[in-house]
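Here is how names work: the chains are called A, B, and so on, in the same order as the sequence lines, proteins then strands, and each is numbered from 1. Below, all heavy atoms of this structure are taken into account, side chains as well, without hydrogens, waters or symmetry copies.
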Amino acid sequence: MRTSRFPLFTSKETPADAEIVSHRLMLRAGLIEKIGAGLYTWQPLGLRVMRRVEQIVREEMDGIGGLEVLMPAVQPAELWQQSGRWSLYGPELLRLQDRHERDFCIGPTHEEVITDYLRRELRSYRQLPLTYYQIQTKFRDEIRPRFGVMRAREFVMKDAYSFHLDQASLEATYRDMHGAYSRVFERLDLRFRSVGADSGAIGGSVSEEFMVLAESGEDEIASCNACDYAANTELAASRPAVPSAAGALPAEERATPGIHSVAEQCEALGLSPEQVVKSVVVMADGAPAVLFVAGDDELNLVKAAHALEAEAVRLAEPDEALAATGVPRGFIGPKGLPDGLRRVVDHRAAGLANFSSGAGRADWHWINLNWERDAPLPETADLRTVNAGEGCPRCNEGQLEIHRGIEVGHIFQLGTKYSESMDARVLDEDGDLQPLIMGCYGIGVSRVVAAAIEQNHDDRGIIWPAPLAPFDVAIVSIGADRSPAVAEAAEQLYNELRAAGLDPLWDDRDARPGVKFADMELIGIPHRIVVGDRGLKAGTLEYRARTADEAEEIPVDQVVSVLRGRIGSPSSSSAG
RNA sequence: CGGGGUGUAGCGCAGUCUGGUAGCGCACCUGCAUGGGGUGCAGGUGGUCGGCGGUUCGAAUCCGUCCACCCCGACCA
């Protein structure tokens with residue numbers, strides 16, 4: 001391709017509302033163009049990159065026997081009503097009506113459609129197992145789209161679904177899928193980890209996320225520095241703390257007018273936060289519950305949802321908390337709560353002795369409380385978010401490290417959630433009707449492009465890992481309009497590179513050299529050949545890798561073979 | 001949804017407080033020079049000042065309303 005026929009639409013200006021580097025660079029390099037909140041046009045340059053991601057994903061899906069399909073973006077409400085998600089899915093689900101006032105949604109995911117497909121078409125258990133996948137545009141009406149295509153409303157996703165007669169078959173495909181995902185991200189040259197994850201709104205039990213490691217990531221992952229334990233901090237556990245062995249002291253009630261926060265409580269009573277049990281009122285599927293965690297711990301709402309066996313848990317509003325407990329916020333504690341109010345205590349908070357907490361009436365706190373002696377110990381559960389440096393829950397040797405990551409893939413063992421609610425069943429070999437056992441597996445294709453930039457850039461722009469690059473090599477001709485020798489040499493190189501099976505971008509614009517260099521670096525082409533009079537006189541062309549500090553002179557007749565070697569070799573493709 | 005902020009040329013912004021009919025940089029076009037790291041000089045093109053309504057002799061500016069976009073929202077439990 002020649003830049004004279006492939007406008008780059010790059011920009012020197014840094015867009016005002018782009019907060020993270022991938023967003024800025026995608027706009028500046030002319031990969032995407034915003035047309036509304038969370039809505040982007042993929043320009044030709046950006047689409048080339050996304051297509052390369054898609055191709056690798058497609059090859060790996062095909063490689064484990066996946067069958068590509070394409071399902072409709074617009075889905076009838078009826079299917080979602082059958083699965084129960086029409087009412088469970090919140091405002092993220094974009095709903096609309098057609099001219100007949102029938103309800104539809106724009107698919108944020110396709111479990112319902114694929115399950116409907118299989119229940120219609122599947123004839124016999126002998127056809128199982130089956131895996132289908134598609135690469136398609138999804139829509140989720142995010143509360144706050146941000147970070148460009150990283151959290152867009154409309155985005156491209158590869159979603160796959162597998163169907164099985166038994167759990168063992170599901171687990172085999174799940175392992176295959178884990179392998180395929182690992183190969184995808186390895187081939188993309190990304191640093192990533194797979195981590196244990198919460199299943200969230202999709203449902204099911206076992207799930208793992210694939211996280212591209214990046215400081216700008218919206219997720220936190222905890223991983224062990226000694227073994228291979230890794231999990232999203234939404235559900236990561238740590239080695240239990242040793243319960244306090246301190247002898248019980250006499251409980252005392254202290255006046256604490258106007259004291260609300262743990263910090264204020266500690267200062268007023270001369271305590272440190274780990275001597276405090278804080279009491280959090282939450283609403284679990286609309287029903288109040290009180291949760292107790294140590295003063296220096298953070299309540300983890302995902303864990304709370306598991307402990308309370310609720311679909312959704314949120315913090316109670318002040319009026320809800322007051323209505324549920326009869327106690328003003330800040331003074332709630334294990335004593336003085338209404339009977340029948342659900343309560344759960346975190347393991348660590350349950351192990352505290354002589355702790356302080358709200359007195360259950362305004363302006364008073366207790367100190368030296370002990371479970372059982374002063375208040376019955378509620379059911380215990382893991383409710384806290386782990387911190388860096390805590391012991392690994394698996395190996396008893398390592399310590400947890402906390403990293404940030406960008407979720408680019410998520411695989412789930414769904415089980416029968418959709419097949420049972422949607423009545424997708426098949427006769428087994430004994431003639432018994434069995435619900436299909438399902439798995440589902442997603443890759444955020446458009447997000448991968450942004451994640452790759454987060455990991456591979458410098459102050460000049462993008463540095464594409466070779467497998468993602470929109471072009472393999474940039475040819476920069478200098479002064480071609482004044483030097484027939486340059487024009488001829490550039491044209492010849494361009495043709496030879498194409499004949500060699502490479503995809504070159506020839507910057508044949510009549511522009512200053514600096515402009516061309518800056519653009520080629522901004523858009524991140526991994527290799528660059530400069531064709532100029534200076535080198536031609538010496539019979540050489542200048543070669544420079546995007547990651548290299550220095551250029552090197554290569555004899556004209558060796559350039560093609562040198563490039564073929566470097567573009568093909570792993571060492572030249574691992575950028576940054 | 002709550003709080004805050006911003007809408008002025010393709011992009012980034014000033015002008016708004018104190019009303020008088022719109023400006024700067026980049027980009028773009030033309031000419032000349034330059035020609036291996038975003039070049040220089042000169043001359044140009046381009047704006048319903050987010051929409052609607054109001055106040056006023058006069059509104060980008062004041063008032064009302066609507067819209068769009070951006071940022072922040074448990075850890076007072």
Item to check | Whole-angstrom distance between B/C17 and B/C71, as gauged at atom P | outcome: 29 Å
Next on the checklist: Would you measure the distance from the C1' atom in B/G38 across to the matching atom in B/G19 and give it in whole Å?
Outcome noted: 42 Å
Checklist entry - A/S477: what forms a side-chain hydrogen bond (donor to acceptor under 3.5 Å, both in side chains) with it, not counting sequence neighbours? => result A/W506
Checklist entry - Between B/C69, B/G37, B/C71, which nucleotide has the shortest distance from any of its atoms to the side chain of A/R144? => result B/C71
Item to check | Integer angstrom distance from the C1' of B/C72 to that of B/G58 | outcome: 41 Å
Checklist entry - Has A/K34 got a side-chain N or O lying under 4.0 Å from the OP1 or OP2 atom of B/C70? => result yes
Next on the checklist: From C-beta outward on A/E13, which listed nucleotide comes closest to its side chain: B/G25, B/G73, B/C71?
Outcome noted: B/G25
Checklist entry - Would one find a side-chain N or O of A/K12 under 4.0 angstrom from OP1 or OP2 of B/A27? => result yes
Next on the checklist: Check the phosphate of B/A74 against A/R314, side-chain N and O only, distance under 4.0 Å to OP1 or OP2. Yes or no?
Outcome noted: no
Next on the checklist: Using the C1' atom as the point on both nucleotides, what is the distance between B/A68 and B/U8, in whole Å?
Outcome noted: 15 Å
Next on the checklist: Rounded at 0.5 Å granularity, tell me how far CD in A/E298 sits from OG1 in A/T233.
Outcome noted: 8.5 Å
Next on the checklist: With a sphere of 6.0 Å drawn around CD of A/E552, does it hold more than 12 non-hydrogen atoms of other residues, nucleotides or ligands?
Outcome noted: yes
Checklist entry - B/C72, B/C76, B/G38: which one has an atom nearest the side-chain heavy atoms of A/S261? => result B/C76
Item to check | Euclidean distance for C1', B/G5 against B/G23 (whole angstrom) | outcome: 24 Å
Item to check | Within 45° cone and under 6.0 Å: A/R528 NZ/CZ vs A/F517 ring | outcome: yes
Show me the protein contacts with nucleotides 28-36 of chain B, counting only N or O atoms at under 3.5 Å.
unit_1	atom_1	unit_2	atom_2	d
B/U34	O2	A/R512	NH1	2.3
B/G35	O2'	A/R482	NH1	3.3
B/G35	O2'	A/R482	NH2	2.8
B/G35	N2	A/D510	OD1	3.2
B/G36	O2'	A/R534	NH2	2.5
B/G36	N2	A/E542	OE1	2.0
B/G36	N2	A/E542	OE2	3.2

Next on the checklist: Over 60° means perpendicular and under 30° means parallel, so tell me whether A/W371 and A/F355 are parallel, tilted or perpendicular.
Outcome noted: tilted
Checklist entry - In whole Å, what separates the C1' atom of B/A14 from that of B/C49? => result 13 Å
Checklist entry - Taking NZ, NE, NH1 and NH2 as the nitrogens, is one of them in A/R447 or A/E454 under 4.0 Å from a carboxylate oxygen of the other? => result no
Item to check | B/U21 versus B/U56 - spacing of their C1' atoms, nearest Å | outcome: 14 Å
Item to check | Counter-base of B/C62, judged by Watson-Crick or G-U geometry with both distances under 3.5 Å | outcome: B/G54
Next on the checklist: It should be established whether A/R146 places a side-chain nitrogen or oxygen under 4.0 Å from OP1 or OP2 of nucleotide B/C71.
Outcome noted: no
Checklist entry - Expressed in whole Å, how much space separates the C1' atoms belonging to B/G3 and B/G15? => result 28 Å
Next on the checklist: Let me confirm one number: the CD-CD1 distance from A/E401 to A/I221, rounded to the nearest 0.5 Å.
Outcome noted: 10.0 Å
